[in-house]
Amino acid sequence: MTFALALGVGTRNQKGLWLEVYYPKPMLSPEPSLLAAAQKILNYQGGNQALPVSQTQMRELSDQLTGDQAALAAQLARSERPLVITVLETDDKPASTPEVYLKLQLLSHRLVKPHQVALDGMFALLINTAWTSDGAIDAEELAQRQLEARIQGRHLEVFAVDKFPKMANYVVPNGVRIGDAARVRLGAYLGEGTTVMHEGFVNFNAGTEGTSMVEGRISAGVMVGEGSDLGGGCSTMGTLSGGGNIRISVGKKSLIGANAGIGIPLGDRCTVEAGLYVTAGTKVVLLDEQDQPIKTVKARELAGMNELLFRRNSLNGQVECKINKTAIELNEALHANQ
Ligand SMILES: CC(C)(COP(=O)(O)OP(=O)(O)OC[C@H]1O[C@@H](n2cnc3c(N)ncnc32)[C@H](O)[C@@H]1OP(=O)(O)O)[C@@H](O)C(=O)NCCC(=O)NCCS
């Protein structure tokens, strides 16, 4: 069965290379009728391919299709911008920019979860792009476009220069709030009931399972469980640069305090004291119920365990871990997402 398919409209640079593609309704396991139409009209012969589509071909496709996809094809057929149909027969590592964009949008549409799709080698397929009030512009072509805009008496606003656009310009999944849309990159997976405050950040291939208050940073690859909170300015360690190779995650109903951080996966109902960064190699003194030391371990030995409270003893500076008696109760009013 074919893995995914999507009809899209995108932007190419002056050399004709794709900068980005917007897929309004990406699909997993597309209907055979869609593939048959792609075979007939675009001569699709199988494999993973981004097939350029003319307006006429898009109109023909719309005649062959039914329902949502027919309506979408009819709308896209009116576009003067470059059209494309991307077919992923298999979830192999991406081979083109439209394929990367399809996978990022499958994630942000919640059709797949982080780590469920192959993204190997994606950076090399993404061109450094200026995201502007005139849309996507190859960073190398920006100066010329700025000058042209000025000559026309216009001002070209540059929002970001990055390989990734902001998620909200492609999809806003239901039941989320985002204080500053620039802080959530395309490819983020935001579960229903998630609030990302202005200080929060969510990278691609990372996100939240469900109700969460995110005021800290969710690095690439990190997944946060249902009902967990990331306090203001806290950090979850990514694996992209020098962060080691342990995949970081947060279980259910856990709290990473303000300005704290984790370099190990946390289990359910854990708390990390505000300001404490627990790295994998941090030596941690385990305390019993009477706060007496039992033994010293490295934090990585506690990875993924439930009901732990990490704190830095304010009298002697050592990092301590004890059973978390007061697993967090989410502030219901604060978390009411709607
Ligand atoms: C770690 C934390 C959870 C502890 O809170 P708590 O469980 O309510 O504990 P308390 O503050 O009531 O302290 C219990 C006892 O431990 C002591 N204690 C607390 N933190 C300590 C520390 N770092 N070092 C030494 N003793 C400490 C307290 O003094 C108190 O002692 P007592 O029994 O003699 O009175 C809390 O300090 C914290 O950091 N919460 C994070 C909140 C946050 O950042 N939210 C996000 C906002 S954006």
Side-chain angles (χ1 to χ4, degrees), residues 176-180 182-184 188 190-191 193-203 206-219 222-237 248-299 302-337:
V176 303
R177 285 197 283 141
I178 305 173
D180 178 353
R183 307 275 301 170
V184 181
L190 294 191
T194 298
T195 299
V196 185
M197 293 297 285
H198 301 71
E199 188 73 12
F201 168 76
V202 190
N203 214 332
T208 56
E209 293 281 358
T211 310
S212 273
M213 175 61 69
V214 181
E215 299 192 71
R217 299 188 298 279
I218 302 183
S219 303
V222 175
M223 199 59 187
V224 175
E226 171 75 37
S228 286
D229 270 18
L230 268 58
C234 82
S235 151
T236 50
M237 209 183 265
I248 305 302
S249 58
V250 179
K252 296 178 189 148
K253 294 198 171 209
S254 286
L255 168 68
I256 306 178
N259 281 351
I262 54 164
I264 58 164
L266 283 188
D268 298 342
R269 298 176 300 284
C270 291
T271 301
V272 180
E273 181 188 36
L276 169 63
Y277 210 119
V278 182
T279 61
T282 300
K283 303 261 180 23
V284 181
V285 178
L286 301 182
L287 300 182
D288 67 13
E289 300 248 332
Q290 281 72 46
D291 282 358
Q292 295 307 305
I294 307 169
K295 63 172 178 171
T296 300
V297 298
K298 286 187 183 162
L302 304 171
M305 290 188 187
N306 298 332
E307 275 147 20
L308 300 182
L309 167 69
F310 292 90
R311 68 176 193 193
R312 183 179 296 279
N313 188 308
S314 57
L315 296 178
N316 61 20
Q318 70 187 8
V319 177
E320 298 172 338
C321 177
K322 51 194 272 184
I323 299 297
N324 195 9
K325 289 264 177 59
T326 51
I328 61 157
E329 283 305 322
L330 293 181
N331 177 334
E332 278 184 23
L334 197 71
H335 287 79
N337 189 268

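In this chain, residues are counted from 1 in sequence order. We use all heavy atoms of the structure for the numbers below, so side chains are in, but hydrogens, waters and symmetry mates are not. Note that the structure is predicted; figures quoted are calculated from it, not measured. Order of appearance sets the numbers: ligands from 1, and atoms from 1 within every ligand.
Near S314, the atoms of ligand 1 lying under 4.0 angstrom from a non-hydrogen atom of the residue are 22 (C), 23 (N), 24 (N), 25 (C). Atoms of ligand 1 lying under 4.0 Å from any heavy atom of G232, numbered from 1 in the order shown and given with element: 48 (S). Remark: ligand 1 atoms within the under-4.0 Å shell around heavy atoms of T271 are 3 (C).
Comparing R312, M197, R311, M213 by heavy-atom distance to atom 23 (N) of ligand 1, the nearest is R312. Of the candidates G231, G257, G275, A274, A274 brings a heavy atom nearest to atom 38 (C) of ligand 1.
At a heavy-atom cutoff of 4.0 Å, ligand 1 is contacted by both the backbone and the side chain of E273.
In this structure, OG in S249 is found 7.5 Å from CG in L266, a value given to the nearest 0.5 Å. In this structure, the separation between CE on M237 and CD1 on I262 is 9.0 Å, given to the nearest 0.5 Å. Interatomic distance, E320 CD to K322 NZ, rounded to the nearest 0.5 Å: 8.0 Å. Going from atom CG of N259 over to atom CD of E273 covers 12.0 Å, rounded to the nearest 0.5 Å. I323 CD1 to M305 CE: the interatomic distance, rounded to the nearest 0.5 Å, is 10.0 Å. Distance check, rounded to the nearest 0.5 Å: CG of L230 to CZ of F201 gives 12.5 Å.
For atom 35 (O) of ligand 1, the protein comes within 4.0 Å by no heavy atom at all. Distances from atom 25 (C) of ligand 1 to the protein include at least one heavy-atom value under 4.0 Å. For atom 44 (O) of ligand 1, the nearest protein heavy atom lies under 4.0 Å away. Distance check for atom 3 (C) of ligand 1: a protein heavy atom is found below 4.0 Å. The protein reaches atom 48 (S) of ligand 1 closely, with a heavy atom under 4.0 angstrom from it.
Under a 4.0 Å heavy-atom criterion, L315 is not in contact with ligand 1.
At a 3.5 angstrom cut-off on N or O pairs, A258 counts as close to ligand 1.
Contact between I264 and I248 at its shortest, heavy atoms only, is N-CD1, 3.5 Å. When all heavy atoms are compared, the tightest approach of R269 to S254 is N-OG, 3.2 Å. Nearest heavy atom pair, residue V202 against residue A188, reads CG1-CB, 3.7 Å.
A salt bridge is absent between E226 and K252; no separation between the charged side-chain nitrogens and carboxylate oxygens falls under 4.0 Å.
Nearest protein heavy-atom contact of atom 7 (O) of ligand 1 is T326 OG1, 3.9 Å. The protein non-hydrogen atom at the shortest distance from atom 42 (C) of ligand 1 is L255 CD2, 4.1 Å.
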